[in-house]
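Everything numeric in this text was worked out from a predicted model, so none of it was measured. Chain A is the first sequence line, chain B the second, and so forth, proteins listed ahead of strands; every chain is numbered from 1.
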Amino acid sequence: MSNKTITCECGHVNPYGTEICEACGKPLQGDLESKKLLNMRYEGSARRSQTYKTTIIDKVWNFFSSVKVGIWIIVLLLVSSAIGTIFPQEMYIPPLSEPSEYYREQYGIPGQLFYDLGFHNLYGSWWYMLLIAALGLSLIVASLDRFVPLYRSLKKQRTIRHESFMKRQKYFGITKVEGENPTLSKLKEVLRKKKYHVKEEDGHLFAEKNRFSRWGPYVNHIGLIIFLIGGMLRFFPGMYVDEVLWIKEDETKKIKGTEEAYYLKSDGFILETYDNNDEKFKDAIEQSGQEVVAKNYQTDAVLYKQVGDRIPGTEPELEKVKEHPIQVNKPLKFDDYAIYQVDYKLNELQSMTFTMDKKDSGESFGELTIDLYNPKDEYKLDEGYRVEVMDYFPDFEFNDKGEPTTKSKIPNNPAFILRMISPDHPDGEVAFVAIRKNLEPLGENDYKMSFQNVDTKNVSGLVVRKDNTLWILGIGGAIFMIGVIQGMYWNHRRIWIRRKEDEVWLASHTNKNWYGLKRELETITEKTGIDMPQDQSEQK
Amino acid sequence: MKKKNRLVVRTVILAAVLLAVGYTFYTNFFANDSGVVQAGDKAPNFILTDLEGNEVELKDYRGKGVFLNFWATYCEPCKDEMPAMDKKYKEYKEKGVEILAVNVSEPKLTAKSFADRYKLSFPVLLDKGNDVTNHYGVGPIPVTFLIDKDGKVIQKTEASLSEEVIDEYMKRIQP
C-alpha cells in the first residue's frame, strides 16, 4: 500500500490518485495521445479523501470530504429554514399560550406536525443544530482535503511542462520563428510589465500571476468556521443573554440574566409625540397620514446592585449604581450588559376609587381607593361606615362550573365582592362590583358603591442584552469577505512558453475569466509577434 | 509514516468537532439550566410569609418531608388537586410531612379568600414578585417538589395530582 505512488517520467513522485504530474504536468491517467483538454480542476491533484479507505475515521472523513454531501447539507438547511417560516416561531406566538396546543389549534394538522418536528423553535432544535455542525465539519474536511494537494501542486510545478500537458490546454498555439533570443527576451519584458512572475529555464519560460487568488475559497471557509464557532459560543454559559423585562412605573425588579446581581427601578415611562401645530413638522406629520408621530420613548431607569447574600423571598439589600434615561438605541449599559427600550403599555389599571353612597339620598359617606395589586381587607370610611373586601378577582370571569374566578393575576377586569357596613346595616350589605357592573347578589341594598375614577401606570418593555460573541462573528465575517474578494477579483493566470527547434509553443490557463485572459494574450502576442494561440475548446 | 500522521490529524480534527458539538448539545439540552431546580438538587432555602403574616423558612423543616406546591387561583388544575392535598395533609401531618403551598404572586386577598373557601389547613405562602418561583425555575403551574428530610429534592412533577398519587408521594418523603 505504501508504495502506491506514481513516479512520473520526469522523476517526480506523485501521490496515489494524481491525474496530472505535479511537477512537469504530464497527464498520468488516460490516453497520452488524447486530444481532449485536460481537466485542470485542483490541478489534477489527488484529492486524498477519495484514495484511502481503511479505518472508520477515514470513512467518516471521506463522507464529509465530498462536495456533494456538503451541497446536500446546505440544501437541507435551506429547505428546513424555509419551512420554519411557514408558521410563526415559538417566540412570536402570544406569550401566554401553550405551544403544544397553540400550533394545533391555529393551524391544524400541519401545525401539529410543525410543532412535533421542532420547526417552532428551529434554531434550537437538535436536528437543525446537528445539520449546522455537519456543515461546519464538511467545510473543514472538504477544504483541507482540497487545499493541501492544491497547495502542493502549485508549489511543486516546474518551469518546463510536458508537451502533452501544453497541447491539451485550452489556449495553445505554435509559432514558427527564425533566429534566437529576441522573441524570448521581448516576451519576458512584456510579461513582466503585465505583472507576471517570470521564470526561465533552458530557454523556456513560465509566467504566473495572482496565485493567491486560488486561496480565496479556503480563506472564505475559515471565516465561515470562525462565524459558526461564534454562533456556537452563544450556547456557552455567560456568553449570551437576551431577555425581555417588563417593568411598571415605580416598580423595582430583578434584572433577568444578570445572575441575580442587578435590579432595575422604573421612575416612569414617557411617550412624547411631535407637536402637530409646529410649523417645522406640520407638513411631514400630515404627509405621514398618522394622527400623531412619536418623538421619544423613554424609561427613566435606576440601576441597583445587590449587596451581600440574600435568601430568596426576602427583600434584597440594594445599592444604587446609576440613573439613566433609556431611549430607543440609547441603552443603559453596565458590565457587558445593555438594556434597550423596545415596547410599552400605556395606562395599565393600578387602582380604582369608589364612594359609598346611600341610594335614596345620594349622600356619600366616604371614599376608598383600592390598589388592584394588593387590596386591603378593610377600608375605613366616615364614622360608622366601612367597606370589607370579601373577595377579589383581578381578571374576572365565570368558570365552567359557574363560579366566579380569575383568568390571570393581571387586573384586566377587576371585580370585587364587598361588604358595605353602615350604622343602619351593622352586618353589612353585599355588593358585587366590577367595571360597569354593580350586582346585589344577596338582595336589594340601601347603599351602593359608586365608581369615581381609576389610576393607571405605564409599563416599559425592555430587553436585556449581553453578547460576548459579537467580536468573533465580526472577525469571522471580515475573513469571509476577504476570502470572497480574494477569490473573485483576481484570476490566477499562467502562461507556459517552450522553445522547440524553430518553434515557440505557448499554452495558457486561468482559473476563471477566460475572456480576460484572451484579451491579455492578444496584447502579449501583438507586442511580441507571436501568433495568437487557438481556443482549442472551440475547434470541433 | 505519512499515512499515520494523516490518520492522527483526521482523528484530532474529528474529535475536536465532536467535542465542541457535544458540549453545545450538553449545555443546551441536558444540563441543569442555572436556576432550575430538579430532582437530585438540594432544595434552595427561602423565606416567605404566610396568610397570617408569619415568616416561614424552608430550612426550619429539615427533618420533615416537605410537599412544596406552586399554585394560583387562576390555575384550574392547581385548584383541582387542592382538596386531595388538604385531605392527605391532615393524614400525614403527624407523620412528619408538611405541605407548603406557594401562591405565585397573587394579591394576598385573592389567595386568602380562596384558601378560606376551600378551607385549606396547610400553610399558603405568598411569593410577591415571583421571587421564589423564578428561583426554583417554575414555569407553567402546578408544579410540586418532593423534598426529603435532608432537604434534597427527590422529585419534581408538573402534573395535577390525584389523591392516590399524593398519598404515594407523601409516603416517599415521610421521614
Assess whether side-chain contact (heavy atoms from CB on, under 4.5 Å) is satisfied between Leu130(A) and Phe25(B), documenting all intermediate values.
CA-CA 9 Å; Leu130(A) 264 187; Phe25(B) 269 62; 3.8 Å; yes
Test side-chain contact (heavy atoms from CB on, under 4.5 Å) on Arg234(A) and Thr24(B); report intermediate values, then the result.
CA-CA 9 Å; Arg234(A) 286 195 165 188; Thr24(B) 309; over 6 Å; no
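There is no contact between Lys253(A) and chain B, counting heavy-atom distances below 4.5 Å. The contact between Ser125(A) and chain B is made entirely by backbone atoms, counting heavy-atom distances below 4.5 Å. In this structure, the portion of Tyr373(A) lying under 4.5 Å from any heavy atom of chain B is its backbone and not its side chain. If you measure heavy-atom distances from Ile140(A) to chain B, the contacts under 4.5 Å come from the side chain alone. Only the backbone of Lys407(A) comes within contact range of chain B, with heavy atoms under 4.5 Å apart. Residue contact with chain B, scored on non-hydrogen atoms closer than 4.5 Å, is absent for Pro411(A).
Counting heavy-atom pairs closer than 4.5 Å to chain A, the top residue among Val21(B), Leu48(B), Thr11(B) is Thr11(B). Contact count against chain A (heavy-atom pairs under 4.5 Å) is highest for Leu14(B) among Val9(B), Leu126(B), Leu14(B), Asp127(B).
The side-chain heavy atoms of Val60(A) and Arg10(B), taken from C-beta on, include no pair separated by under 4.5 Å. Within the 4.5 Å cutoff, the side chain of Asp58(A) has no heavy atoms near those of the Arg6(B) side chain.
Listed in order of number, the residues of residues 96-121 of chain B that approach chain A to under 4.5 Å between heavy atoms are Val104(B), Ser105(B), Glu106(B), Pro107(B), Lys108(B), Leu109(B), Thr110(B), Ser113(B), Arg117(B). Residues of residues 53-62 of chain B that come within less than 4.5 angstrom of chain A, heavy atom to heavy atom, are Glu57(B) in numerical order. Within residues 80-91 of chain B, the residues having any heavy atom closer than 4.5 Å to a heavy atom of chain A are Asp80(B), listed by residue number.
Surrounding OH of Tyr123(A) are at most 12 heavy atoms belonging to other residues, nucleotides or ligands under 6.0 Å away. Heavy atoms from other residues, nucleotides or ligands lying under 6.0 Å from NZ of Lys149(B) number 12 at most. Counting non-hydrogen atoms of neighbouring residues, nucleotides and ligands closer than 6.0 angstrom, the NZ atom of Lys265(A) exceeds 12 such neighbours. Other residues, nucleotides and ligands place more than 12 heavy atoms under 6.0 Å from the CD atom of Glu98(A). Counting heavy atoms of neighbouring residues, nucleotides and ligands inside a 6.0 Å radius, atom CH2 of Trp126(A) does not exceed 12 of them. Under a cut-off of 6.0 angstrom, the local environment of CZ in Phe122(B) is crowded, with over 12 non-hydrogen atoms contributed by other residues, nucleotides or ligands.
Separation of atoms CD1 (Ile47(B)) and CD1 (Ile311(A)) is listed at 4.0 Å; rounding is to 0.5 Å. Expressed to the nearest 0.5 Å, how far CZ of Arg310(A) lies from NE2 of His135(B) amounts to 8.0 Å. Remark: Thr314(A) OG1 to Asp131(B) CG distance equals 7.5 Å, nearest 0.5 Å.
Taking the centre of each ring, Phe393(A) and Tyr74(B) stay at or above the 6.0 Å mark.
Sorted by first and then second residue, the pairs that involve residues 51-133 of chain B and meet disulfide (SG to SG under 2.5 Å), not counting sequence neighbours, are Cys75(B)-Cys78(B).
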